[in-house]
Undergrad: 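Below you will find the structure I want to go over with you.
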Amino acid sequence: MPYDPHAPTSEERDKAYAGIWIGLGANLVMLAAFAFRLGPQLEGFAGLIVGLNLTIYALSGRFDEHFKSLANFGFLCLATVIGFWLSAQGLLTVVEGAYSIGEGIGATAAGATVPNDDFTIVLPAFMNSAYLLAALAGAAFHAGFLFQHLRGPQ
Amino acid sequence: MNNRLKVLRAERDWSQAELAGHLDVSRQAVNAIETGKHDPSLPLAFRIARLFSMPIEEIFDDGF
């Protein structure tokens, strides 16, 4: 193994695990701030901590292999949440769009006029919140990390 | 995967933190390997084998 004068010590590697708990706490604050409208400052501060944590975990190579394997599982969970979210949003859009078109065709066939507004696809408001998606994705990362930490390899 | 890391560490009277220092990993990583929650990579397995001056297969047992 090549010598790296800037390689983190064992104690510094230990601290990375403490960072997960800080990130988890900030993530819970993100969700609470969104749910209870606790204000943009708190939302932003918690988001900053979670965002920096996730970025460092994804891009930095200065963690040991055990930490990286746990983080990899966390990122797998994170990607799964984003995938489910996009799939659900796409499905709702298709269903809503199909309903609007069907309604329009039916009304036209019956001789009625249909306002253009009826063709507008309206999704639930929370589905357009990038902040909520980011908070849920972050929560999935932390949950996955801790789950894998407790479970171990199968 | 079963391993003798805990026994070998105890024979040298090392703490998990001391072993982690020798291997350049975290204490949590040593604990995870000892409890079977983490299978080390090949480079780390070689480092462990070199540290204890033993062949890898005498430290790790894959059950076959």
Side-chain angles (χ1 to χ4, degrees), chain A residues 1-27 50 52-78 140-154, chain B:
Chain A
M1 191 174 62
Y3 173 67
D4 178 5
H6 303 295
T9 64
S10 184
E11 290 77 22
E12 286 168 338
R13 292 180 198 277
D14 287 351
K15 287 176 186 166
Y17 291 85
I20 286 290
W21 292 107
I22 295 169
L24 176 64
N27 211 149
V50 173
L52 284 175
N53 267 7
L54 291 178
T55 305
I56 291 168
Y57 298 149
L59 299 180
S60 174
R62 304 182 76 78
F63 301 107
D64 66 21
E65 61 177 55
H66 177 52
F67 187 93
K68 282 181 192 168
S69 74
L70 299 178
N72 283 346
F73 189 76
F75 282 119
L76 192 72
C77 296
L78 181 152
F141 169 84
H142 289 102
F145 187 104
L146 293 172
F147 174 74
Q148 190 72 355
H149 185 53
L150 296 173
R151 182 183 71 156
Q154 297 303 301
Chain B
M1 188 183 291
N2 298 321
N3 67 76
R4 298 178 54 216
L5 199 59
K6 191 172 183 178
V7 174
L8 294 170
R9 178 174 64 78
E11 283 173 359
R12 284 151 184 82
D13 205 18
W14 287 343
S15 65
Q16 286 186 340
E18 284 171 320
L19 178 56
H22 287 298
L23 296 172
D24 280 335
V25 296
S26 63
R27 187 196 58 74
Q28 288 88 343
V30 169
N31 183 58
I33 294 169
E34 283 186 358
T35 54
K37 287 183 175 177
H38 175 65
D39 292 334
S41 66
L42 206 47
L44 180 55
F46 270 109
R47 289 214 298 278
I48 293 169
R50 253 183 241 116
L51 180 66
F52 291 111
S53 303
M54 295 173 81
I56 288 178
E57 59 268 28
E58 283 189 23
I59 301 174
F60 297 98
D61 176 18
D62 64 354
F64 288 99

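Every chain is numbered from 1 and lettered A, B, ... according to where its sequence line falls, protein lines coming before strand lines. The model shown is predicted, which means the values in this text are computed figures rather than measured ones.
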Undergrad: Determine whether more than 12 heavy atoms belonging to other residues, nucleotides or ligands lie under 6.0 Å from atom CG of Asp62(B).
TA: yes
Undergrad: Shortest non-hydrogen contact from Asp64(A) to Val25(B)?
TA: OD2-C, 3.8 Å
Undergrad: Could you measure the distance from the NE2 atom of His66(A) to the CG atom of Asn31(B)? Nearest 0.5 Å is fine.
TA: 8.0 Å
Undergrad: Measure the NE2-CG distance between His38(B) and Leu70(A) for me, rounded to the nearest 0.5 Å.
TA: 8.0 Å
Undergrad: Would you find more than 12 non-hydrogen atoms of other residues, nucleotides or ligands less than 6.0 Å from Lys68(A) atom NZ?
TA: yes
Undergrad: If you define the side chain from C-beta out and look only at heavy atoms, does anything of Ser26(B) sit under 4.5 Å from Phe67(A)?
TA: no
Undergrad: Please answer whether the main-chain N or O of Ser41(B) pairs with a side-chain N or O of Glu65(A) as donor and acceptor at a distance below 3.5 Å.
TA: yes
Undergrad: With a 4.5 angstrom heavy-atom cut-off, is it the side chain or the backbone of Pro43(B) that approaches chain A, or both, or neither?
TA: neither
